[in-house]
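Encoded as structure tokens, the structure appears first; notes follow it.
All ligand and atom numbering here is 1-based and tracks the order in the structure.
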Amino acid sequence: MKRIALLGATGSIGRQALEIVDAHPGLELVAAASGSQSIDGLAPLTQVGGDLTDLLERAEPDLVLNAVVGFAGLRATLWCLEHGVDLALANKESLVTGGELATEAHARGQGRLLPVDSEHSALHQCLEGRGAETVHSVVLTASGGPFRGRTRDDLADVTPEEALAHPTWNMGPKITVDSATLANKGLELIEAHFLFDLPYDRIEVAIHPTSVVHALVRFRDGAALAHLGYPDMRVPISYALTYPERAATPIPQLDLASGLTLEFSAPDLETFPLLPLAREAGRRGGTYPCAFNAANEVAVAAFLDGRLPFLGIAEVVEEALAAADGAPARDLDELVEADADARRVAERGLQPA
Ligand SMILES: NC(=O)c1ccc[n+]([C@@H]2O[C@H](COP(=O)([O-])OP(=O)(O)OC[C@H]3O[C@@H](n4cnc5c(N)ncnc54)[C@H](OP(=O)(O)O)[C@@H]3O)[C@@H](O)[C@H]2O)c1
């Protein structure tokens with residue numbers, strides 16, 4: 001029996017994970033956490049908010065699925081990696097913000113780090129543990145979100161409702177807005193850099209509207225392996241929770257005769273500047289990715305509240321990055337400080353001039 005702790009149990013990933021756990025006799029939910037919603041009785045141990053590592057200390061899980069949204073997931077990610085507890089990671093923000101500390105903790109703890117993000121799960125499956133030296137480059141696909149094909153002018157007045165209408169994935173509000181701005185793909189670039197030890201110039205992004213190909217690895221021998229499947233997060237969640245078993249799921253098999261279209265194009269970096277801004281923050285390293293993430297979290301929340309126009313999200317992030325010193329964080333406290341500094345600058349950017 002694999003003892004599972006589920007952090008972010010009330011969210012989009014969390015609810016789908018509960019379905020997978022319920023259907024698999026080898027998985028036992030021993031602990032669950034949420035941010036504010038009540039989850040009494042969902043698992044033998046539950047916690048709402050607070051320091052999630054308290055719950056993990058008590059639960060002694062074999063595997064933690066971190067499906068918390070945002071920087072709030074960082075402490076639990078570092079705890080798992082440090083303690084050698086297997087981690088199924090949906091909370092990409094923790095690897096983006098704390099990538100260096102996480103890599104060091106992972107090397108010490110030696111537990112498994114299994115990505116849940118569909119593109120990174122796809123890369124994990126194509127790579128099968130092969131090192132970065134065998135890889136020429138990798139490609140992360142992006143649906144392009146609801147605003148694919150629009151110009152900057154078209155985006156001036158888009159509403160949260162329009163941004164939340166994702167064409168292929170049904171997800172929580174923050175990641176859905178991140179998909180509309182392409183910030184999500186920017187976060188994923190940084191996530192891939194840390195997960196697979198690849199430099200940024202070997203991680204590409206391609207727009208692929210139907211989200212059937214999740215990622216592709218080009219190997220140094222000229223072979224390219226792609227991962228295909230209908231867009232359904234239960235596949236990567238199940239892969240991570242049952243690794244290396246590949247348990248059965250109720251997801252339909254890919255039907256090549258049904259008129260699948262596999263189109264790819266380059267992202268429009270002018271209309272969606274958060275993607276190149278994230279790449280630049282990743283390249284600069286230190287706490288620049290942390291500042292990118294913090295300002296983006298503040299700006300997305302303001303957009304969803306109607307306090308910031310859609311195009312303002314990138315402006316707020318750009319200003320916060322310009323104000324950040326990017327100095328590397330030596331520990332979690334310094335990272336928390338860098339996050340707080342960037343949030344303060346971003347909040348100032350929301351005030352009317
Ligand atoms: N949804 C997807 O398809 C998808 C795909 C790939 C990656 N991801 C990543 O997975 C993560 C979760 O995404 P989501 O779409 O599932 O988000 P979501 O639907 O907004 O759910 C977020 C979850 O995090 C919990 N939470 C928030 N703050 C917390 C805190 N301080 N302590 C404990 N729990 C907290 C929420 O609890 P409350 O309900 O109580 O607030 C909720 O359970 C994100 O990092 C996202 O980027 C999601």
Exercise for the section: Give the numbers and elements of all ligand 1 atoms closer than 4.0 Å to a heavy atom of Ser34. Expected result: 32 (N), 33 (C), 34 (N), 35 (C), 37 (O), 40 (O)
Practice task
Report the part of Ser118 in contact with ligand 1, treating N, CA, C, O as backbone and CB onward as side chain, heavy atoms under 4.0 Å; options are side chain, backbone, both, neither.
Solution key: neither
Exercise for the section: Answer with yes or no after comparing the ring centroid distance for Phe292 and Tyr288 against a 6.0 Å cut-off, counting only values under it. Expected result: no
Exercise for the section: Check for a donor-acceptor pair, side chain of His214 on one end and backbone N or O of Leu228 on the other, with a separation under 3.5 Å. Expected result: no
Completion exercise
Taking only non-hydrogen atoms of Gly35 and a 4.0 Å limit, the atoms of ligand 1 in range are 25 (C), 26 (N), 29 (C), 30 (C), 32 (N), 33 (C), 34 (N), 35 (C), 36 (C), 37 (O), 38 (P), 40 (O)
Problem - Nearest-option assignment for atom 44 (C) of ligand 1, heavy atoms, candidates Val68, Leu187, Leu6, Val48 - result: Val68
Problem - Distance-only N or O hit between ligand 1 and Glu93, under 3.5 Å - result: yes
Handout entry: Atoms in ligand 1 flagged as close to Met233, the criterion being non-hydrogen separation under 4.0 Å
Key = 3 (O), 5 (C), 6 (C)
Exercise for the section: Answer yes or no: does an N/O atom from Gln16 fall short of 3.5 Å to an N/O atom of ligand 1? Expected result: no
Problem - Within 6.0 Å of CG in Asn170, more than 12 heavy atoms from elsewhere - result: no
Handout entry: Sub-4.0 Å atoms of ligand 1 with respect to non-hydrogen atoms of Ile13
Key = 1 (N), 2 (C), 3 (O), 4 (C), 5 (C), 10 (O), 16 (O), 48 (C)
Completion exercise
Note: ligand 1 atoms sitting under 4.0 Å from heavy atoms of Ala9 are 43 (O)
Practice task
Number the atoms of ligand 1 from 1 as they appear, then name those within less than 4.0 Å of a heavy atom of Ser36, with their elements.
Solution key: 38 (P), 40 (O), 41 (O)
Handout entry: Contact atoms of ligand 1, heavy-atom distance to Asp117 under 4.0 Å
Key = 6 (C), 7 (C)
Handout entry: Passing option when Leu7 is tested against Asn91, Leu56, Leu65 for side chain to side chain contact (heavy atoms under 4.5 Å, CB included)
Key = Leu56
Handout entry: Asp339 with Arg343: basic N within carboxylate O range, under 4.0 Å
Key = yes
